[in-house]
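What you see is a predicted model, and the numbers here were worked out from it, not measured in a lab.
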Amino acid sequence: MAKEEPPSVSRDLQELQRKLGLLLESFQNNSKVVAFMKSPVGRFLDRHPFLALTVLMFVTMSAIPVGFFLLIVVLTSLGALMGAILLEGLVISVCGLSLLCVLCGLGFVSFALSGIAMMSYVVVSCLMSYWFSPSRPPAQQNANSDGQLAMKFTESEKLGL
């Protein structure tokens, strides 16, 4: 048997929904966001939300490897000033290939995570809309077979059968 939720949970969910709505509205009204969304790239990403989520995850996850790569480039450049030109070329080449491998892996991972996130969003939103649907009775119980038969009969009458 399922326990009924206390009334405060629904009020808390409504309050959370209101706060998230205000946060989203303030973010969408930001002048930099509006300018980006009017650009061709912003319009393209607005029409392709899965691609936008994939790009966002890829950029977020690739920040650390790119930062390490740039740090190594700066350090080897300082070494080149001291005369280690061959070492710099070798290290930058190895690090460049390593960065390429890491970014390819991160691209695949971000694509997979975006797919999982989108599927989770669809499932959760469907469940939430089903659970909190205004047309659903508050205490939905299994109907007996006579009630189901009567419901099918009334539906067939509406269709004119």
Side-chain angles (χ1 to χ4, degrees), residues 1-73 95-161:
M1 300 289 166
K3 294 181 181 178
E4 292 202 21
E5 296 177 340
S8 64
V9 173
S10 95
R11 274 187 270 131
D12 291 342
L13 285 174
Q14 289 174 348
E15 181 66 24
L16 180 62
Q17 183 181 11
R18 185 185 65 77
K19 286 181 181 179
L20 288 175
L22 290 174
L23 179 66
L24 184 62
E25 184 179 331
S26 69
F27 181 73
Q28 288 176 341
N29 291 334
N30 187 339
S31 61
K32 291 181 181 180
V33 173
V34 171
F36 175 74
M37 291 308 289
K38 288 182 180 179
S39 71
V41 174
R43 284 182 278 156
F44 178 78
L45 290 177
D46 191 34
R47 287 190 306 262
H48 300 89
F50 180 75
L51 181 64
L53 183 62
T54 302
V55 168
L56 177 68
M57 286 188 154
F58 177 76
V59 168
T60 304
M61 292 184 344
S62 65
I64 292 175
V66 170
F68 280 140
F69 177 74
L70 292 176
L71 178 68
I72 290 172
V73 167
C95 289
L97 289 174
S98 300
L99 178 65
L100 180 65
C101 292
V102 167
L103 291 179
C104 288
L106 285 176
F108 175 76
V109 169
S110 64
F111 184 76
L113 287 176
S114 296
I116 290 169
M118 292 296 275
M119 286 187 292
S120 299
Y121 171 75
V122 169
V123 168
V124 169
S125 65
C126 287
L127 287 174
M128 293 295 285
S129 66
Y130 174 74
W131 284 336
F132 296 107
S133 173
S135 64
R136 184 172 178 225
Q140 189 175 24
Q141 299 175 354
N142 291 337
N144 59 21
S145 61
D146 295 336
Q148 292 175 350
L149 184 60
M151 184 189 307
K152 289 180 183 178
F153 183 71
T154 56
E155 289 177 358
S156 64
E157 284 180 344
K158 289 179 185 175
L159 295 174
L161 296 174

Between the CG atom in Leu56 and the CG atom in Leu51, the distance rounded to the nearest 0.5 Å is 11.0 Å

Could you pull out every donor-acceptor pair under 3.5 Å between side chains of residues 103-110 and any protein atom, sequence neighbours left out?
unit_1	atom_1	unit_2	atom_2	d
Ser110	OG	Leu106	O	3.0
Ser110	OG	Gly107	O	2.9

With Val59, which residues qualify under side chain to side chain contact (heavy atoms under 4.5 Å, CB included), at least two apart?
-> Val55

Which pairs, with at least one residue in residues 46-63 and sequence neighbours excluded, count as a side-chain hydrogen bond (donor to acceptor under 3.5 Å, both in side chains)?
-> Thr54-Ser114

Considering only heavy atoms from C-beta outward, does the side chain of Pro40 approach that of Arg43 to under 4.5 Å?
-> yes

Tell me, yes or no, whether the heavy-atom count around Phe68 atom CZ, taken from other residues, nucleotides or ligands under 6.0 Å, exceeds 12.
-> no

With sequence neighbours excluded, tell me which residues meet ring-ring contact (aromatic ring centres under 6.0 Å, His included) with Phe111.
-> Phe50

Does the side chain of Leu13 come within less than 4.5 Å of Phe132's, by heavy atoms?
-> yes

Residues, nucleotides or ligands: over 12 heavy atoms within 6.0 Å of Ile64 CD1 | no

Salt bridge (Lys or Arg N to Asp or Glu O under 4.0 Å) contacts in which one or both residues fall within residues 18-38, not counting sequence neighbours | Glu15-Arg18

Please table the atom pairs, donor to acceptor, closer than 3.5 Å between any side-chain atom in residues 116-124 and protein atoms at least two apart or in another chain.
unit_1	atom_1	unit_2	atom_2	d
Ser120	OG	Ile116	O	2.8

